[in-house]
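Order of the sequence lines sets the chain letters (A, B, ...), proteins ahead of strands, with each chain counted from 1.
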Amino acid sequence: MRRKLKKEFFDRSAIKVAGKLLGKYLVRKIGVKNRAYMITEVEVYDGHKDKASHARSGKTKRNWPMYGPAGKFYIYFTYGMHHMLNIVCGKKEYPSAILIRGVKDISGPGRLTKALKIDKKLNALAAGPKTGLWFEDKGVRIKKSEIKRTPRVGIDHAGKYWGRKPWRFVV
DNA sequence: ACGATGATGAAC
DNA sequence: TTCATCATCGTA
């Protein structure tokens, strides 16, 4: 079984999508080859009230793709070193996205984008074969008992409430 | 354990 | 204009 995830998959609450995204595959086309990586770690950034989200202070030149329709990428550059890959969820104008933090054999969001040659050229584009980067369901089922939920990483500035929300999902 | 990296946005 | 950030690597 090999089913490409469509826009509709992402067009709902990011929390729901995050749980379903584990065990799905991130497929990257490099040259004529497709490489598929099982997703093992994600983080949710949901709404403008989320103090850990780039959307915490409204729409900006950087974060505007988060306000776009579901199924598009939000890719930004940070720490002068790393690109971060997010997939936009929910309705248009509602800023929510899922940060892909790790896949099987590659942990860390910066290492992931480096290994898959992902950069800002894909920012705000729709997931799909045309962009060379998309998601597939290969029939892998992750049991709920295999999923750990922990607080998100690197967000000490977000305060007690938002900083402690268990919005990091790990297989 | 700590500095280098160096885009982006907010605070000052 | 200065500072902190949704990391990671190389050096100590």
What nitrogen or oxygen pairs link the protein and nucleotides 8-12 of chain B at under 3.5 Å?
residue, atom, partner, partner atom, Å
B:dT8, OP1, A:Lys120, NZ, 2.8
B:dG9, OP1, A:Thr60, OG1, 3.1
B:dG9, OP1, A:Lys61, N, 3.2
B:dG9, OP1, A:Arg62, N, 2.2
B:dA10, OP1, A:Ser57, OG, 3.0

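- Taking the six-membered ring where tryptophan is involved, the planes of A:His83 and A:Phe77 are tilted, since the angle between them lies from 30° to 60°.
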- Taking it one step at a time, do A:Leu116 and A:Ile106 satisfy side-chain contact (heavy atoms from CB on, under 4.5 Å)? CA-CA 10 Å; A:Leu116 273 64; A:Ile106 309 175; 4.1 Å; yes
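- You'll find the side chain of A:Tyr45 reaches within 4.5 Å of the side chain of A:Arg152, heavy atoms only.
- Within 6.0 Å of atom NZ in A:Lys4, more than 12 heavy atoms from other residues, nucleotides or ligands are found, so the atom counts as buried in its surroundings.
- Other residues, nucleotides and ligands place no more than 12 heavy atoms under 6.0 Å from the CZ atom of A:Arg164.
- Each of C:dT5, C:dC6, C:dT8 was ranked by its minimum atom distance to the side chain of A:Thr78; first place goes to C:dT5.
- For the pair A:His83 NE2 and C:dT8 C1', the computed distance is 14 Å after rounding to whole Å.
- Per the geometry, CG belonging to A:Leu112 stands 17 Å off C1' belonging to C:dC9, to the nearest Å.
- Only one option out of A:Phe9, A:Phe10, A:Tyr37 pairs with A:Phe135 in a ring-ring contact (aromatic ring centres under 6.0 Å, His included); it is A:Phe10.
- At a non-hydrogen distance threshold of 4.0 Å, A:Gly154, A:Ile155, A:His157 from residues 154-168 of chain A come into contact with DNA chain C.
- With both ends at atom P, the span from B:dA1 to C:dC6 equals 23 Å, rounded to whole Å.
- When the C1' atom is compared between B:dG9 and C:dT8, the two are found 22 Å apart, to the nearest whole Å.
- Annotated stems with DNA chain B as a participant read B:1-5 with C:7-11, B:7-11 with C:1-5, given as range with range, by first number; only runs of 3 or more Watson-Crick or G-U pairs under 3.5 Å qualify.
- Residue A:Arg56 is the one, among A:Arg111 and A:Arg56, whose nearest nucleotide of DNA chain C lies closer to the 5' end (criterion: closest heavy atom).
- The OH atom of A:Tyr79 sits 6 Å away from the P atom of C:dA7 (whole-angstrom rounding).
- Rounded to whole Å, the C1' atom of C:dC9 lies 22 Å from the corresponding atom of B:dT8.
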Nucleotide N/O to protein N/O under 3.5 Å, stretch nucleotides 10-12 of chain C:
none

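- When rounded to the nearest whole Å, the span between CD1 of A:Ile75 and P of C:dA7 equals 16 Å.
- Put simply, the residue from A:Tyr74, A:Phe73, A:Tyr79 that forms a ring-ring contact (aromatic ring centres under 6.0 Å, His included) with A:Tyr76 is A:Tyr74.
- The side-chain hydrogen bond (donor to acceptor under 3.5 Å, both in side chains) analysis of residues 93-106 of chain A, with sequence neighbours excluded, yields the pairs A:Glu41-A:Arg101, A:Asp46-A:Tyr94, A:Lys59-A:Glu93.
- Comparing the P positions of B:dC12 and C:dT5 gives a spacing of 13 Å, expressed to the nearest Å.
- Residue A:Lys16 qualifies as open at atom NZ: its count of foreign heavy atoms under 6.0 Å is 12 or below.
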- Go through the steps for A:Met84 and A:Glu43 under the test side-chain contact (heavy atoms from CB on, under 4.5 Å), then give the verdict. CA-CA 12 Å; A:Met84 299 285 135; A:Glu43 273 179 14; over 6 Å; no
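- In this structure, the side chain to side chain contact (heavy atoms under 4.5 Å, CB included) partners of A:Lys6, at least two apart in sequence or on a different chain, are A:Glu8.
- With values rounded to the nearest 0.5 angstrom, A:Ile98 atom CD1 is found 8.0 Å from A:Ile87 atom CD1.
- Across every non-hydrogen atom of A:Asn63 and A:Gly58, the tightest pair is ND2-O, 2.9 Å.
- Between the NZ atom in A:Lys51 and the OH atom in A:Tyr161 there is a gap of 10.5 Å [rounded to 0.5 Å].
- A distance of about 15 Å separates the P atoms of C:dC3 and B:dA4, rounded to the whole Å.
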